[in-house]
Novice: 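This is the structure, below, for whatever I ask next.
A quick note: this is a predicted structure, and the numbers were derived from the prediction, not measured. Heads up: numbering here begins at 1 and tracks the sequence.
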Amino acid sequence: MFFAQSWCLCCTTFAVLFCGLFVGSHAMTVNTDTNALPFPWDKIRLPETVKPQHYDLLIHPNLTSLTFTGVVQILIEVEQDTRAIILHSKNLQISKAQLLGSRHPQDLQTSEFEAYEQIALFSDGFTFEKGNHVVHLEFYANLSDSFHGFYKGRYTTNSGEVRMMASTQFEPTHARAAFPCFDEPAFKANFTIRVRRESRHISISNMPKLRTVEMADGLLEDQFDTTVKMSTYLVAFIISDLQSISKKSQHGVEISVYTVPEKISQAEYALNTAVTLLDFYDDYFDIPYPLPKHDLAAIPDFQSGAMENWGLSTYRESGLLFDPEKSSSSDKLGITKVIAHELAHQWFGNLVTMQWWNDLWLNEGFAKFMEYVSVNITHPELQVDDYFLEKCFTAMSVDSLTSSHPISTPVENPAEISEMFDDVSYRKGACILNMLRDFLTPEAFKYGIIHYLKTHSYQNTVNAHLWESLTNICTSDELDSGRLKLDGFCSKSRAESPASKWFMEDSVDVQAIMDTWTLQEGFPLITVEVKGQEVTLKQERFLREANSSKTSNFLWQVPLTYITSHSSAVQRFLLKSEKDVLYLPKKVDWIKFNVDLRGYYIVHYKSGGWDALINQLQQNHSVFSSNDRASLIHDIFQLVSIEKIPLDKALNLSLYLSKESEIMPVTQGFNELVPLYKLMEKRNMEELENQLKGHLVKLFKTLIDRQSWSDDGSVSERMLRNYLLLFACIRRYPSCISTATRLFQQWKESDGKMWLPTDVSLVVYTEGARTDEGWDFLLEKYKRSVSPSEKWIIKAALSYSPLAHKLQWLLERTIEGEIIKTQDLPSLVISVSKNPKGFKLAWDFLKTSLLALNLILKLVHEGFWENIALCNTNQNALNIYMHYQSNVQKATQPSSRMAMTHTSGHLIRALL
């Protein structure tokens with residue numbers, strides 16, 4: 001599943017926080033009959049002695065009544081005699097349960113334990129004996145009102161007609177809401193799916209359609225081929241009037257992109273991109289994609305960023321559709337990465353699946369990491385490597401809190417599982433994989449993951465399986481290593497391998513190293529002190545909040561990389577202890593660790609170390625790569641936040657930015673400096689605020705003045721242009737204001753028909769949204785637009801407006817979901833909260849709107865609380881904190897307390 005800032009997947013029901021979950025209770029009966037027997041199972045995980053082998057599933061949705069019926073026959077293997085079969089079911093009414101045999105079906109009784117979302121199948125005096133059995137279940141339910149399970153959706157055509165559809169989102173624990181099943185990732189099985197529908201609709205599922213049969217009542221039944229062995233959360237089916245375009249990959253896979261009819265012209269880029277990326281993965285992993293087809297469907301109502309259902313991946317429209325006339329370079333980069341992420345899952349997650357959700361990162365960390373590996377090779381023009389380190393910075397911001405968790409964390413119930421879909425699983429997971437790849441060398445890492453995938457295909461794994469594969473690349477007899485030997489990799493001596501630079505006589509113990517990164521939370525702060533040729537190294541946990549119990553007893557094996565003033569050749573040192581010393585061949589003016597941010601750690605340079613680096617940046621910053629410059633900016637300001645470095649030293653370093661032109665150092669500079677003036681802005685410190693705003697404009701003036709109002713240049717140059725011009729106009733830089741105002745007026749006079757360069761359209765719209773007339777005009781264009789990219793840009797511009805009454809209207813209309821979809825509420829509230837005219841509106845809105853409060857946990861991962869608190873005076877922020885903290889105390893579920901503590905941690909930092 002693709003997780004992005006505006007597409008957060010978390011617990012969505014506020015009742016989870018305030019009422020707790022019944023799963024912590026061992027109350028066993030749910031039947032209202034006082035004579036009902038106890039439920040025959042008292043654990044939230046299903047018994048391992050009954051395993052599904054095959055599902056024969058019939059689904060019939062009614063898009064008029066918004067209900068569905070279904071029939072499922074499950075072939076199960078009973079490994080030891082049992083009196084009851086336990087499986088999952090949620091909000092389903094079971095109308096018939098039978099055990100099918102060679103003679104006559106035997107009726108079964110059902111008992112439900114709602115708290116655990118389980119049902120039991122049994123018959124008085126009957127034992128399910130060891131061997132294979134087939135259970136038959138008939139059921140019905142309403143299509144879900146949420147974005148999970150089997151849910152209803154709708155869209156409006158250009159003519160104003162509202163059309164209904166039904167689609168699925170089963171990850172992590174929602175297949176049980178569509179059909180009774182063994183809804184845990186380790187219970188893999190084959191699925192044969194049939195869908196009944198009206199003739200005005202189509203249906204698609206994981207596998208190709210074999211045939212369509214006309215039923216006696218005039219309905220049509222689509223019968224799909226049987227799937228490969230897979231987990232329930234990967235099952236998918238959609239009933240709609242979507243249209244598609246198709247193309248075959250070089251390896252013969254039929255690839256199709258589905259959209260609502262009026263947007264089919266925006267599907268071509270996604271189709272071509274999917275073909276290119278699927279072929280890349282097929283070759284890179286040396287494992288053929290195992291299905292005959294893969295569909296990519298743009299769903300109008302979709303909460304997550306995207307979902308990797310095997311053979312039928314699903315997406316938000318803005319994550320898949322590209323309009324060449326209206327989509328920006330940023331849109332193209334984002335769409336390409338989302339597709340790369342979901343297609344990587346076809347191997348990491350689908351072919352090889354984590355045993356349980358505690359190791360979700362094996363799915364999501366790898367998919368996030370492979371986004372960058374694949375796109376860097378298949379689409380070099382997108383310069384995707386420029387953006388990887390930002391993911392690590394984001395992960396660190398979460399991982400530096402006491403409320404962080406290890407990448408591999410024990411979880412049990414659905415609430416805890418949902419909370420695993422966060423920046424730690426996705427972004428930290430990707431960052432430590434990148435560090436491991438650099439440690440082992442890209443060649444060794446690639447062969448190791450091929451070994452892992454081939455060895456565990458159609459199976460479930462834990463962390464240790466990956467570490468074994470990466471350690472025993474050339475010694476395993478389970479893998480056909482002919483290709484590896486042909487490449488010559490396994491014939492190289494260890495001494496000749498680049499990885500040997502990490503150690504002397506030691507052998508590589510990948511598990512020992514990586515357990516320190518996956519089984520404990522946080523990351524290290526490496527303190528460096530140079531005295532002559534001696535470099536003293538010390539590690540400790542980097543933590544924003546003072547808590548000695550959370551910093552002691554943390555130790556990592558850290559693959560350090562460094563360059564010096566005398567050599568740009570990357571040197572390596574594996575730090576295994578709290579303190580160590582390395583020796584340089586000669587004295588140096590400066591030393592820079594964590595080259596290109598290949599490692600997941602922050603560095604502090606003592607005894608003049610920072611002064612030497614600052615001096616070098618000011619004299620000739622190009623000595624360092626753009627990533628190294630960005631990481632220096634990031635690290636020094638993080639050290640300011642924990643009072644290791646005075647603010648004036650960090651500001652002194654930032655002065656070199658007046659000569660900077662690369663996107664990552666510039667944007668990182670903004671990321672660190674803008675919050676300083678926003679803090680003053682929201683606390684009515686007008687004189688200091690204006691001084692700092694003026695300083696920032698002056699710092700970047702030369703770069704701003706060089707920007708053209710066009711779509712010229714590389715992707716990074718175009719994205720930087722949008723960033724700089726938007727900053728300049730919002731900060732009321734005269735030349736930017738005049739150009740943006742002129743372009744908006746011309747565009748408005750043409751009734752929106754004049755073409756605007758896509759990479760500056762947000763700047764132009766934002767300037768236009770400063771007046772009531774311009775804001776209203778943009779809203780009308782938003783309503784009529786069929787381009788998801790254009791709608792996103794207009795929505796952003798509307799939320800940046802200084803018109804408070806318009807911001808209030810926008811928030812209220814999003815709750816209704818008629819003009820702006822409710823799924824966009826979290827990102828909209830965040831956007832408004834960043835607006836100096838909207839921060840209090842956003843907070844008041846959440847306090848008074850129960851529906852908005854239901855989405856509060858989504859906002860935790862998206863920096864909302866930081867914006868709310870930073871936007872207020874100390875007293876107001878304190879009131880917010882106390883209001884929220886009172887709810888933390890009411891949360892009885894440990895997982896909910898963890899998420900809310902994480903939220904309050906943001907607030908505490910903002911109050912400091």
Side-chain angles (χ1 to χ4, degrees), residues 11 16 20-30 38-53 55 74 76-92 110-122 128 130 133 135 137 148-149 170-189 229-235 349 352-363 405-421 425 459-465 519 892-896 898:
C11 298
V16 169
L21 288 177
F22 290 114
V23 295
S25 166
H26 288 281
M28 299 302 295
T29 55
V30 295
F39 193 80
W41 185 249
D42 66 350
K43 297 178 176 60
I44 199 164
R45 299 278 295 275
L46 296 181
E48 296 181 2
T49 54
V50 178
K51 296 179 179 176
Q53 304 299 310
Y55 294 79
I74 312 174
I76 58 174
E77 179 186 1
V78 177
E79 296 183 346
Q80 67 181 47
D81 292 359
T82 181
R83 298 291 301 276
I85 304 298
I86 313 298
L87 66 162
H88 288 112
S89 176
K90 181 181 180 182
N91 298 329
L92 299 175
T110 63
S111 177
E112 182 176 12
F113 187 24
E114 290 184 5
Y116 284 6
E117 301 174 355
Q118 294 172 357
I119 58 171
L121 308 178
F122 60 95
F128 294 88
K130 182 178 179 180
H133 301 268
V135 293
L137 297 166
H148 302 119
F170 289 162
E171 189 179 32
T173 58
H174 301 290
R176 65 192 67 174
F179 60 99
C181 57
F182 296 79
D183 199 14
E184 295 179 8
F187 289 120
K188 291 191 171 186
K229 191 177 179 182
M230 66 184 195
S231 304
T232 48
Y233 77 86
L234 296 172
V235 173
V352 179
T353 312
M354 76 268 144
Q355 179 74 19
W356 181 243
W357 297 105
N358 60 299
D359 283 330
L360 173 68
W361 84 277
L362 287 174
N363 286 18
H405 62 83
I407 283 180
S408 184
T409 299
V411 291
E412 288 293 322
N413 63 60
E416 293 173 340
I417 292 167
S418 292
E419 286 168 9
M420 292 297 290
F421 290 80
S425 294
Q459 299 175 33
N460 297 82
T461 60
V462 296
N463 281 347
H465 293 126
L519 302 182
T892 58
Q893 186 66 17
S895 61
S896 300
M898 181 179 75

Novice: Would you say the side-chain atoms of Thr409 pair up with the backbone N or O of Pro406, donor to acceptor, closer than 3.5 Å?
Specialist: yes
Novice: Angle class for the Tyr55/Phe182 ring planes (parallel below 30°, perpendicular above 60°, tilted otherwise)?
Specialist: perpendicular
Novice: Going by the angle between their ring planes, with limits at 30° and 60°, are Trp357 and Phe421 parallel, tilted or perpendicular?
Specialist: tilted
Novice: Check step by step if side-chain hydrogen bond (donor to acceptor under 3.5 Å, both in side chains) holds for Asn460 and Thr353.
Specialist: CA-CA 5 Å; Asn460 297 82; Thr353 312; 4.6 Å; no
Novice: Looking only at non-hydrogen atoms, find the nearest pair between Ile407 and Met420 and report the distance.
Specialist: O-CE, 3.6 Å
Novice: Quick one: pull up CZ in Phe128 and NE2 in His133 and give me the separation to the nearest 0.5 Å.
Specialist: 7.5 Å
Novice: With rounding to the nearest 0.5 angstrom, report the NZ to NE2 distance, Lys90 to His148.
Specialist: 9.0 Å
Novice: CG/Leu137 to CG/Leu92 distance, rounded to the nearest 0.5 angstrom?
Specialist: 10.0 Å
Novice: Between atom CE of Met354 and atom CG of Leu362, what is the distance when rounded to the nearest 0.5 Å?
Specialist: 8.5 Å
Novice: With a 4.5 Å limit on heavy-atom distance, are the side chains of Ile44 and Pro414 in contact?
Specialist: yes
Novice: Indicate the atoms forming the closest heavy-atom contact of Ala189 with Gln53, along with that distance.
Specialist: CB-O, 3.5 Å
Novice: For the CD atom of Glu171 and the OG1 atom of Thr232, what is their distance to the nearest 0.5 Å?
Specialist: 10.0 Å
Novice: Where do Tyr116 and His88 come nearest, in terms of heavy atoms and distance?
Specialist: O-CD2, 4.0 Å
Novice: Does Ile85 form a side chain to side chain contact (heavy atoms under 4.5 Å, CB included) with Val78? I'd like the steps, not just the answer.
Specialist: CA-CA 9 Å; Ile85 304 298; Val78 177; 4.2 Å; yes
Novice: Taking all non-hydrogen atoms of both residues into account, name the closest pair between Ile417 and Pro172 and its distance.
Specialist: CG2-CB, 3.5 Å
Novice: What's the separation between atom CH2 in Trp41 and atom CD1 in Ile119, rounded to the nearest 0.5 Å?
Specialist: 15.5 Å
Novice: Would you check if the side chain of Gln118 reaches a backbone N or O of Lys43 as a donor-acceptor pair within less than 3.5 Å?
Specialist: yes
Novice: Using the test side-chain contact (heavy atoms from CB on, under 4.5 Å), find all partners of Arg45 that sit at least two apart in sequence or belong to another chain.
Specialist: Glu184, Trp356, Glu412
Novice: Could you tell me which non-hydrogen atom of Pro47 sits nearest to which non-hydrogen atom of Ile86, and how far apart they are?
Specialist: CD-CB, 3.9 Å
Novice: Counting N and O atoms only, with roles assigned by atom type, does the side chain of Asn358 sit under 3.5 Å from a partner on the main chain of Val411, one being a donor and the other an acceptor?
Specialist: no
Novice: Taking all non-hydrogen atoms of both residues into account, name the closest pair between Gln459 and Lys188 and its distance.
Specialist: O-NZ, 3.1 Å
Novice: Residues in salt bridge (Lys or Arg N to Asp or Glu O under 4.0 Å) with Asp183, at least two apart?
Specialist: Arg176
